[in-house]
Amino acid sequence: MRATICLPTYNERDNLEPMLRALGAVLREGDRVLVIDDGSPDGTGELADRLAEERQYVDVLHRERKEGLGPAYLAGFRRVLETDAELVLEMDCDFSHDPADVPRLIAAAEAGADLVLGSRYVRGGSIPSWGLGRRAVSLGGNIYAQIFLQSRIRDLTGGFKCFRRRGLETIDLGAIDSKGYAFQIETTYRVLRAGFRVVEVPIAFTDREVGHSKMSRAIVLEAAWKVPLVRLRALTGRL
Ligand SMILES: Nc1nc2c(ncn2[C@@H]2O[C@H](COP(=O)(O)OP(=O)(O)OP(=O)(O)O)[C@@H](O)[C@H]2O)c(=O)[nH]1
Ligand SMILES: [Mg+2]
């Protein structure tokens, strides 16, 4: 199955080239990477164009403004669904997600899962570098979402995922307006509700060493109010 990795970037100048090189080492014939850059002021977009010329498996989607991860991914998904790719992956460009784990996610999709989640909260998963505070926020957020959505998925907020095309084609991408963690929760929940098979594979999540996090209070707050709203929409048949 051909796979395309969607790689959103905002000011990832120093991470992009090592990331594309590392992905090039694990991708198979026909697999591709789509860099989705939101007009990064640090020149990541121009660098991506240059690297795409050097590396045949790389494409670039330029968007004018930073609107958050959700809209960037949606634009990427739409672009990939126009190609013959069967698998559509999501992954951060800051090495929090290990490129060496990509083949395991792909293998789980090829073995029958419609959505594979790289999961920090199943047996074998870990976040070695996080302190107590960050752990509590993440774990608390996941338990909150699990309870509201009545879901047994352990890692609903992670952003290392592999969709089979049919999952993305079935859910209503146009109805998704979440931007941050809520986007990850909502896409997974929609795929689950549509009756598809979701599988978690353990990953070790490491903190970025280069560049700056775009995590914000607003992103956490969005997830807090969006989760009940998503559940309400599901209960009233509007999801
Ligand atoms: N295109 C695009 N990419 C973004 C945007 N916000 C974040 N990204 C990228 O999305 C990935 C994840 O962003 P991070 O800044 O690492 O945020 P995070 O992973 O939620 O937070 P940390 O755990 O603190 O790293 C990185 O590759 C970012 O460059 C955005 O608005 N547009
Ligand atoms: Mg990150």
Side-chain angles (χ1 to χ4, degrees), residues 5-20 22-23 33-49 51-52 58-80 89-99 101-102 117-121 125-142 145 155-161 176-188 203-224 226:
I5 300 178
C6 295
L7 196 66
T9 57
Y10 191 77
N11 290 346
E12 299 289 359
R13 191 182 51 200
D14 297 327
N15 282 317
L16 185 60
E17 183 164 18
M19 178 54 75
L20 291 177
L23 288 174
V33 180
L34 177 64
V35 178
I36 309 158
D37 186 71
D38 281 3
S40 296
D42 76 346
T44 302
E46 293 77 24
L47 175 62
D49 285 335
L51 295 170
V58 177
D59 300 300
V60 188
L61 173 59
H62 294 281
R63 291 158 39 83
E64 238 161 68
R65 281 180 292 123
K66 174 167 163 56
E67 291 179 291
L69 215 53
Y73 270 129
L74 288 174
F77 292 167
R78 291 198 174 96
R79 172 71 67 90
V80 178
L89 288 94
E90 281 182 20
M91 173 173 194
D92 291 355
C93 189
D94 59 0
F95 285 93
S96 284
H97 302 142
D98 185 349
D101 288 335
V102 166
L117 305 175
S119 179
R120 299 160 291 182
Y121 301 120
S126 63
I127 318 171
S129 55
W130 277 8
L132 217 54
R134 187 86 204 257
R135 264 172 220 275
V137 171
S138 175
L139 199 59
N142 270 289
D155 196 341
L156 281 160
T157 55
F160 196 10
K161 308 176 50 160
I176 299 175
D177 55 6
S178 305
K179 307 251 185 292
Y181 295 119
F183 176 79
Q184 304 302 357
I185 299 169
E186 183 171 358
T187 48
T188 294
I203 57 156
F205 179 100
T206 46
D207 261 335
R208 68 159 73 236
E209 286 180 2
V210 179
H212 298 286
S213 170
K214 284 106 215 167
M215 212 260 263
S216 66
R217 189 178 298 261
I219 283 174
V220 177
L221 285 178
E222 181 204 28
K226 212 54 187 274

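We count ligands from 1, going down the list as the structure has it; atoms in each ligand are counted the same way.
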request  = Return a yes/no value for Asp207: is any of its N or O atoms, backbone included, closer than 3.5 angstrom to an N or O of ligand 1?
outcome  = no

ask   = How far is atom 5 (C) of ligand 1 from its nearest protein heavy atom, and which residue and atom name does that atom have?
value = Lys66 NZ, 3.5 Å

message = Counting only heavy atoms closer than 4.0 Å, does ligand 1 sit against the backbone of Arg63, its side chain, both, or neither?
response = neither

query = Is Arg79 close to Ile36 at the side-chain level, that is, under 4.5 Å between some pair of heavy atoms?
reply = no

key: For atom 4 (C) of ligand 1, closest protein heavy-atom neighbour   = Leu69 CD1, 3.6 Å

ask   = Among all protein non-hydrogen atoms, which one is nearest to atom 21 (O) of ligand 1, and what is the separation to 0.1 Å?
value = Ser213 OG, 3.4 Å

Min N/O separation Phe205 to ligand 1 under 3.5 Å = no

query = Please state which protein non-hydrogen atom is closest to atom 25 (O) of ligand 1 and give its distance, to 0.1 Å?
reply = Asp94 OD2, 3.4 Å

task = Enter the distance from Leu69:CG to Tyr181:OH here, rounded to the nearest 0.5 Å.
result = 9.5 Å

query = By number and element, which atoms of ligand 1 are closer than 4.0 Å to a non-hydrogen atom of Glu12?
reply = 26 (C), 27 (O), 28 (C), 29 (O)

query = Should Arg120 and Arg135 count as side-chain neighbours, where that means a heavy-atom distance under 4.5 Å?
reply = no

inquiry  = Do Asp49 and His62 have side chains that approach each other closer than 4.5 Å (heavy atoms only, starting at C-beta)?
reply    = yes

inquiry  = Suppose we measure from atom 14 (P) of ligand 1 to each protein heavy atom; which comes out shortest, and what is that distance?
reply    = Arg208 NH2, 3.4 Å

query = Do Thr9 and Asn15 have side chains that get closer than 4.5 Å, going by heavy atoms?
reply = no

Side-chain (Thr44) to main-chain (Arg13) donor-acceptor, under 3.5 angstrom = yes

message = Nearest N/O/S atom of Asp94 with respect to the Mg ion (ligand 2), by atom name, please.
response = OD2

Test of proximity, Lys214 against ligand 1: N or O pairs below 3.5 Å = yes

task = Go through ligand 1 atom by atom and flag the ones less than 4.0 Å from a non-hydrogen atom of Cys93.
result = 26 (C), 27 (O)

Minimum side-chain heavy-atom gap Pro99-Met91 below 4.5 Å = yes

key: Location of contacts on Arg65 toward ligand 1, heavy atoms closer than 4.0 Å   = neither

request  = Return a yes/no value for Ile36: is any of its N or O atoms, backbone included, closer than 3.5 angstrom to an N or O of ligand 1?
outcome  = yes

query = Under 4.5 Å between any side-chain heavy atoms of Lys161 and Thr187, yes or no?
reply = yes

query = Is the closest N or O pair between Trp130 and ligand 1 shorter than 3.5 Å?
reply = no

Asp38 contact mode with ligand 1 (heavy-atom cut-off under 4.0 Å) = both

query = What orientation do Phe205 and His97 show, parallel under 30°, tilted 30 to 60°, or perpendicular over 60°?
reply = perpendicular

message = Any N/O/S atom, side chain or main chain, of Asp92 closer to the Mg ion (ligand 2) than 2.8 Å?
response = no

task = Identify the two heavy atoms, one from Trp130 and one from Ser138, that lie closest to each other, and give their separation to 0.1 Å.
result = CZ3-CB, 3.4 Å

key: From CA spacing to verdict: side chain to side chain contact (heavy atoms under 4.5 Å, CB included), Leu61, Leu34   = CA-CA 7 Å; Leu61 173 59; Leu34 177 64; 4.0 Å; yes

ask   = Just wondering, do Ile219 and Phe183 contact through their side chains at under 4.5 Å, heavy atoms?
value = no

message = Please report whether ligand 1 has a polar contact with Ser96, defined as an N or O pair separated by less than 3.5 Å (distance criterion only).
response = no

key: Proximal candidate to atom 23 (O) of ligand 1 [heavy atom criterion; set Met91, Met215, Arg134]   = Arg134

ask   = Please state which protein non-hydrogen atom is closest to atom 19 (O) of ligand 1 and give its distance, to 0.1 Å?
value = Asp92 OD2, 3.1 Å

query = Can you find a heavy atom in the side chain of Asp177 that is under 4.5 Å from one in the side chain of Lys226?
reply = yes

task = Record the part of Pro8 in heavy-atom contact with ligand 1 below 4.0 Å; permitted values are side chain, backbone, both and neither.
result = both

request  = For a side chain to side chain contact (heavy atoms under 4.5 Å, CB included) with Asp155, tell me which candidate from Ile203, Thr188, Asn142 qualifies.
outcome  = Asn142

ask   = If you measure from each heavy atom of Met19 to ligand 1, is any distance below 4.0 Å?
value = no

query = When you measure from atom 20 (O) of ligand 1 to each heavy atom in Tyr181, Phe160, Tyr73, Tyr10, which option holds the nearest one?
reply = Tyr181

